[in-house]
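The structure under discussion appears below in the form of structure tokens.
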Amino acid sequence: MYAIESIGICKYFGNLKANDDITIQIESGTVHAICGENGAGKSTLMNVLYGLYRPTAGSVRIKGKDVILNSPKDAINLGVGMVHQHFMLINNLTVAENIVLGQETGTPLYFDRKQAIKNVEELCEQYNLMVDPTAKIEDITVGMQQRVEILKALYRGVDILILDEPTAVLAPSEITELFENIKMLVSTGKTVIIITHKLDEVLEISDKISVLRLGKLIGTVDTKSVTESELTKMMIGREVLLGGSERLDTKKETEVFLAKDVKLSRDGRKLLNGVNITVKSGEIVGIAGVDGNGQSEFIEVISGSEKKYDGEVIINNKNIKSMSIREMKENSMGFIPEDRQQEGLVLDFPVNYNLVLGKHYLPPFAKSHFLNFEEINKFSEKNVKDFDIRVPSIDAPASTLSGGNQQKVILARETADDPKFVIAAQPTRGLDVGAIEYVHNFLVESRNNNQGILLISFELDELLSLCDRIYVMHKGEIAGHQNKEDFDLDTIGKMMLGLKGGLDG
Amino acid sequence: MISIRAIILMSISTAVPLLFASLGGLISEKSGVTNIGIEGMIIFGAFCGMVGSYYTGSAVVGVILAMIGGGLLALIHAFIAITCGGAQAVSATGITLFSAGFTSYGLRLMFDRAGNSDTVANLPTTEIFRNIPVIGNYLANYSPLVYLSFIVAFGVWYLFKYTPLGTRIHTVGENPKVAETLGIDVWRLRYICVVVSGVLAGLGGAYLSLGQMNLFQENMSAGRGYLALAAVILGRWKPGGVIISCFFFSVFDALQLQLQVVDFYGLSPTILAAIPYVVCLLVLAFSFGKSKGPASNGKPYMKKNN
């Protein structure tokens, strides 16, 4: 017995085939995972099943019957509920109000909130999902909010639940809890569809896995009979090797970056306490450390947005203290910021604008105070091709791109004129494995090309595989330093926690 | 001598157009559509009220016409702001400019002169309260619209506090997408709210021409629509707060009227008349930053093109 079936679903947006002839049959009472890279068409498919999109072709079958879904309301009435990645909750209403919204208790003239609270309490009891019905959404944790979303669906009598990237926003302990809840729901006969690109989670929670790639269904497999590397191959279409391409010998002769005794205090708190780091051309130098040990502040200092520091920062032989950010960039520096959406891109701008931002005032992009669109578009087309940036067109707003493609736009822009020094702050955060591989290869190629790279990352594996040298930052100080040939996970781990573990190994 | 009693009595009456207009503005903004066209809807309502009363001799007909007039203008705003997803400030400004021009033009057409209309039948006092001891005389001297405004104020407060509809309006104004997924018709609700805001503004206008006075004067709304919107902000988009804010401004309005009466240091009435607006500026300046309106206020919600 199938709970829900997608029969030959196609969904086109203009020329883009987001879903191309997808047939997936989901058995009731199981956890079915839909996997794929960002942009593979997972969310589009789910939106079709949930009535938000009407398919270009194909049909949806629920409990064996062909149905036409004109709106999420239709889907809910047929027992299909969805928990979106970005929660659909009203922050300044209470949990109970959010759950019953649209099906309010009481009469049209009187919203019986007491009854709503009682109903929600009963629902919590029934499914053993505890929330405080009187709390406001803005006052509860993200994990709780997700639980409210699940309860909201259950309140509507849903027995097929779609979870869109449910773990993306959760802390590890919350993920464990979510998985227990999913198992519990399935044991009561519900069907759960989980969309994700995290393979370890898929393997842990699902009964069956369907893999999408570039809008097409690659296959549906039993979770028991598949390994992580096989899944990766299905998702990406080939084997994936993280850690970058072949490393060539480079001459590490010019010093492109020097931080000398850099100190920074804010509101009386010492955030950086004498940081000394050097980067030479042709090497990748990593900064390891637990989040919140001064990395963000250090990035602000060396990227030129924080000027109230003590000590010296020299980039390409120039002291940056009195330089504007524009001057710093003209001094052969590239900067890949931590938060690509806030600091890296203007999301409302089209891709071609974003690709020339910061260089837009220079020839060939500017010609006597006017933008030269011919050159801008030529440059953009070239980079979209070279970096394999998946865009509907270069005029599409950056906000419509997936995370990996947004990061490629930034990489393309920041390295367009082969800067001698590049700051890469968490360049792979939130990317799927294919995009991570791309970024890794790119960084190593830049290094082989004799550029100096400072890589700040919280992923120790990433640092160990990419870097020539690693500094460890702890409480605003450099707690230690290792060269590639001496890399030792245990020692670096100790240094990250501030335990004395042999300086300068 | 400034009479405190006069100020109190007067401030109730000056609060009425503000109450109607700001409660209308509140409803519209709660649903996510800004309506700075309220000023225009007041003046249009005042004019329609006079017209209705002039041609039929019945002030009640005038009031009804004022409500229809305000509502129609709001419908135009709703169409532009909701269906077309147009710039709400531009649409509303257009409506205000249109109203000011149209009413002045209409006045000239009807009476062949500028300034003000002939006197028309206005609303009677509220005689049913006359026999109440002690305060009966005061109560009875007010127009029935005063009491209607109180009823509306209570109704709006009740709407948002106790009814499912109020919560749904709140939802639509906070996050229309959420509302849509729950089966709430965002556009329909926004249309209703915007039109109701126009009807209420029209009532505010009718009070000016048929309640306080018995004629229409050019520009007789005198910025009250904007003051009403300030009251919405000052009241933090909460009905109780908005009502209190209206009375806060009306007290200053009453005060300036009283100062005009006593010829306060020979100051020009024009300067005195500015008092409530200056107070409004000061108050908003110092309370700014703390207020937070509906999250999706002013943002069009375009239905997904499937």
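Numbered from 1 within each chain, the chains take letters A, B, ... in sequence-line order.
- Top candidate by heavy-atom pairs under 4.5 Å with chain B, chosen from A/R113, A/E97, A/M82, is A/R113.
- Using a 4.5 Å heavy-atom threshold, the side chains of A/V131 and A/L129 count as separate.
- Looking at A/L101, the atoms closer than 4.5 Å to chain B (heavy atoms on both sides) sit in the backbone and in the side chain alike.
- Ring geometry, B/F129 versus B/Y147: the interplanar angle exceeds 60°, so the pair is classed perpendicular (tilted spans 30 to 60°).
- Few gaps surround NZ on A/K63; more than 12 heavy atoms of other groups in view lie less than 6.0 Å from it.
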>> Working note: B/Y191 + B/T83, criterion side-chain hydrogen bond (donor to acceptor under 3.5 Å, both in side chains); need CA distance, chi angles, decisive distance, verdict.
In response: CA-CA 9 Å; B/Y191 259 95; B/T83 307; 2.4 Å; yes
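- Under a cut-off of 6.0 angstrom, the local environment of CZ in A/F349 is sparse, with at most 12 non-hydrogen atoms contributed by other residues, nucleotides or ligands.
- Residue with the most contacts toward chain A among B/I184, B/T167, B/N175: B/T167 (heavy-atom pairs, distance under 4.5 Å).
- Interface residue A/Y50: only side-chain heavy atoms are found under 4.5 Å from chain B.
- Interface remark: A/T107 contributes backbone atoms only to the contact with chain B (heavy atom separation under 4.5 Å).
- The residue among A/I76, A/N77, A/N91, A/L93 with the most heavy atom pairs within less than 4.5 Å of chain B is A/L93.
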